[in-house]
Amino acid sequence: MSNGSNPAQTNGHAIAPPVLKASYKIASIPGDGIGPEVISAGVEVLKALTKKLESFDLEFTEFDWSTERYLKTGRYTPEDYLQVLKGFDAIFFGSVGAPNVPDHISLWGLRLAICQPLQQYANVRPTKVLPGTKSPLANCKPGDLDWVIVRENSEGEYAGQGGRSHIGCDHEVATELSIFTRTGVRRIAEFAFNVAQNRPRRMLTYVTKSNAQRNGMVMWDEVIKEVAKDFPDVTVDHMLVDAMTVRMVLDPSSLDTILATNLHADILSDLAAALAGSIGIAPTANLDPTRKNPSMFEPIHGSAFDITGLGLANPVATFWTASEMLHWLGESEAATVLMEAVEKVCAAGILTKDLGGKAGTKEVTEAVIKVIENLRV
């Protein structure tokens, strides 16, 4: 490994070693929209899994941190929420956002209020075409689309720097500053190279827009080239973000591990999920690789108020997210068992509407639990 280190491997991610426990404390934050529906399904599946394996327990504590709470109290969280969360091993998060509150208030009031102060600077979004599903790309064969997108999650375009003056006037001014630090770029680059190094193809594509953004993006390019010297076994190439969208569509098999800024990776990961079949299957891990703070695990899809309460939400993204959480905790055997059960259900054609099926949230959840309960362990 680079620099003489030998980091533990968790689902292909090179990280600080996990501390195995007999029982893990999980903070459950269902949030808004379909969040409570999919998190409930995820908890149900995880409880079935731990009951079957009998090798560790998960202790869930649910928090009502949501837009409903905000409308009642003026805050999404209590004032001591960070200290509360630091008492847990991981955070299982549903979604935030509601039609009656502006999105920038809900996002900064809850999700970013957790990610940034807890230094969850590595956002990891694996993407692949699951068995029994298909990509909208006509020529995408099984195995062609199997990526891990690593997103810088603490600064960049979402640093929250800027402001507005002369509001409402014709000469109103609004600024949004992208903040890039050498420390921030280096640490996410080292993390991404470790991810790539532990995947079979050992390939990394980094994405910037340094032809037009000549300061922060040029520094990104420079720092990544410096870090690359410590990983001579990883094949590296560079794409401008606009050209990257074309490559993802026309040549998916040419990509493996992808590194990008907070904004660019946010957009590209949504495209990746769509190309894999549905945003309803896409997981996210918000990681503090130092393990000083708990990491947070959430499905990408958001609150989806248009289907809230209808029983139509695809729980696969949440199950995959739960698998990522188990890997991070060090329970990789359980994580693998869970994903194998999900893939078996998908292969059997038990799919929600977004994947072309007719099943609802309940039917998919029950099918995954049945597979788990019938396992020979």
Side-chain angles (χ1 to χ4, degrees), residues 13 103-104 107-108 111-127 147-162 174-196 203-228 231 234 236-249 254-275 279 282-290 295-296 298 300 302:
H13 305 160
D103 287 341
H104 67 278
L107 184 65
W108 282 96
R111 186 189 176 277
L112 291 179
I114 294 173
C115 290
Q116 291 191 353
L118 292 184
Q119 288 299 297
Q120 297 168 355
Y121 68 81
N123 179 286
V124 183
R125 299 186 168 190
T127 307
W147 306 330
V148 172
I149 298 178
V150 177
R151 167 187 174 189
E152 200 292 314
N153 206 36
S154 65
E155 54 179 35
E157 304 89 347
Y158 297 172
Q161 299 296 306
T175 60
E176 198 75 50
L177 303 181
S178 297
I179 306 297
F180 301 104
T181 65
R182 179 168 287 271
T183 295
V185 178
R186 173 171 286 279
R187 68 184 183 180
I188 196 63
E190 290 174 343
F191 181 89
F193 271 96
N194 271 318
V195 171
M203 293 169 48
L204 176 70
T205 300
Y206 71 94
V207 181
T208 62
K209 187 60 178 171
S210 46
N211 59 340
Q213 295 176 286
R214 60 187 181 178
N215 297 308
M217 294 288 90
V218 170
M219 187 182 76
W220 258 75
D221 293 350
E222 293 172 356
V223 173
I224 291 170
K225 289 175 183 176
E226 292 173 6
V227 174
F231 296 84
V234 175
V236 185
D237 70 328
H238 173 233
M239 293 294 295
L240 297 176
V241 66
D242 44 351
M244 183 62 167
T245 62
V246 178
R247 182 174 170 186
M248 289 169 69
V249 172
S254 70
L255 298 164
D256 188 79
T257 305
I258 300 165
L259 169 63
T261 70
N262 213 332
L263 173 63
H264 292 165
D266 191 8
I267 296 169
L268 293 177
S269 58
D270 276 15
L271 172 59
L275 295 178
I279 200 169
T284 304
N286 301 288
L287 306 178
D288 172 8
T290 69
S295 294
M296 183 166 73
E298 60 172 322
I300 286 179

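Values below: all heavy atoms of this structure, side chains included; hydrogens, waters and symmetry mates excluded. Note that the numbering runs from 1 along the sequence shown for the chain.
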Student: Which pair of heavy atoms, one from Pro117 and one from Leu112, lies closest together, and at what distance?
Tutor: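 So the minimum-distance heavy-atom pair works out to CD-O, 3.6 Å.
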
Student: When rounded to the nearest 0.5 angstrom, what distance separates CG in Leu118 from CG in Asp288?
Tutor: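 Separation between the atoms: 8.0 Å.
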
Student: Within this structure, what is the CD1-CG distance for the pair Ile224 and Leu259, rounded to the nearest 0.5 Å?
Tutor: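 Nearest 0.5 Å value for the CD1-CG distance: 4.5 Å.
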
Student: Considering non-hydrogen atoms only, spot the tightest contact between Ser210 and Met217 and give its length.
Tutor: CA-CB, 3.5 Å

Student: Please identify which of these residues, Thr261, Ile258, Asp266, Leu263, meets the side chain to side chain contact (heavy atoms under 4.5 Å, CB included) condition with Arg151.
Tutor: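 That would be Asp266.
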
Student: Might you point out which heavy atoms bring Cys115 and Asn153 nearest each other, and give the distance in Å?
Tutor: SG-ND2, 3.9 Å

Student: Keeping Gln213 on the side-chain end and Thr208 on the backbone end, is there a donor-acceptor pair under 3.5 Å?
Tutor: no

Student: Glu176: what forms a salt bridge (Lys or Arg N to Asp or Glu O under 4.0 Å) with it, not counting sequence neighbours?
Tutor: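 Residues passing salt bridge (Lys or Arg N to Asp or Glu O under 4.0 Å) with Glu176: none at all.
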
Student: In Å and rounded to the nearest 0.5 Å, what is the CD to OG1 distance from Gln120 to Thr290?
Tutor: 10.5 Å

Student: What closest approach, in Å, do Glu190 and Phe231 show between heavy atoms, and which atom pair accounts for it?
Tutor: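 Heavy atoms of Glu190 and Phe231 come nearest at O-CZ, 4.1 Å.
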
Student: Kindly write out the residues that satisfy side chain to side chain contact (heavy atoms under 4.5 Å, CB included) with Thr284, not counting sequence neighbours, or none if the list is empty.
Tutor: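 Testing Thr284 for side chain to side chain contact (heavy atoms under 4.5 Å, CB included), a comparison that skips the adjacent residues, returns Asn123, Arg125, Asn286, Glu298, Ile300.
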
Student: What closest approach, in Å, do Ala196 and Leu204 show between heavy atoms, and which atom pair accounts for it?
Tutor: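 Minimum heavy-atom contact is CB-CB, 4.1 Å.
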
Student: Main chain of Thr181, side chain of Glu155: is a donor-acceptor contact present, judged purely on distance under 3.5 Å?
Tutor: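 Checked: pair present.
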
Student: How close do Gln116 and Tyr158 get, counting heavy atoms only, and between which atoms?
Tutor: NE2-O, 3.0 Å

Student: Decide yes or no for Val236 and Phe193: does some side-chain heavy atom of the first lie under 4.5 Å from some side-chain heavy atom of the second?
Tutor: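 In short, these two side chains touch, coming nearer than 4.5 Å.
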
Student: Check the pair Val195, Val124 against side-chain contact (heavy atoms from CB on, under 4.5 Å), reporting the backbone distance first and the verdict last.
Tutor: CA-CA 10 Å; Val195 171; Val124 183; 5.5 Å; no

Student: Return the CZ to CZ distance between Arg182 and Arg187, rounded to the nearest 0.5 Å.
Tutor: 14.5 Å

Student: What verdict does the side-chain contact (heavy atoms from CB on, under 4.5 Å) test give for Asp221 and Tyr206, after you've listed the backbone C-alpha separation in whole Å, the side-chain angles of each residue and the deciding distance to 0.1 Å?
Tutor: CA-CA 8 Å; Asp221 293 350; Tyr206 71 94; 3.3 Å; yes

Student: Let's go through Thr205 and Met244 carefully: what are the C-alpha distance in whole Å and the side-chain angles of both, what is the deciding distance for side-chain contact (heavy atoms from CB on, under 4.5 Å) to 0.1 Å, and is it a yes or a no?
Tutor: CA-CA 9 Å; Thr205 300; Met244 183 62 167; 4.1 Å; yes

Student: Tell me, please, which residues at least two apart from Arg247 pass salt bridge (Lys or Arg N to Asp or Glu O under 4.0 Å).
Tutor: Asp237

Student: CG of Leu240 to CG of Asn211: how many Å apart, nearest 0.5 Å?
Tutor: 4.5 Å

Student: Which value, rounded to the nearest 0.5 Å, describes the distance between Leu255 atom CG and Met203 atom CE?
Tutor: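 Nearest 0.5 Å value for the CG-CE distance: 6.5 Å.
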
Student: Would you say the side chain of Arg111 lies within less than 4.5 Å of the side chain of Met296, judging by non-hydrogen atoms?
Tutor: yes

Student: Carefully, step by step, assess Thr183 and Tyr121 under the rule side-chain contact (heavy atoms from CB on, under 4.5 Å).
Tutor: CA-CA 11 Å; Thr183 295; Tyr121 68 81; over 6 Å; no

Student: Do Glu152 side-chain atoms and Ile188 backbone N/O form a donor-acceptor pair below 3.5 Å?
Tutor: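 Side chain of Glu152 to backbone of Ile188, a donor-acceptor pair under 3.5 Å: no, none is there.
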
Student: Answer whether the closest heavy-atom distance between the side chains of Leu275 and Trp147 falls below 4.5 Å.
Tutor: yes

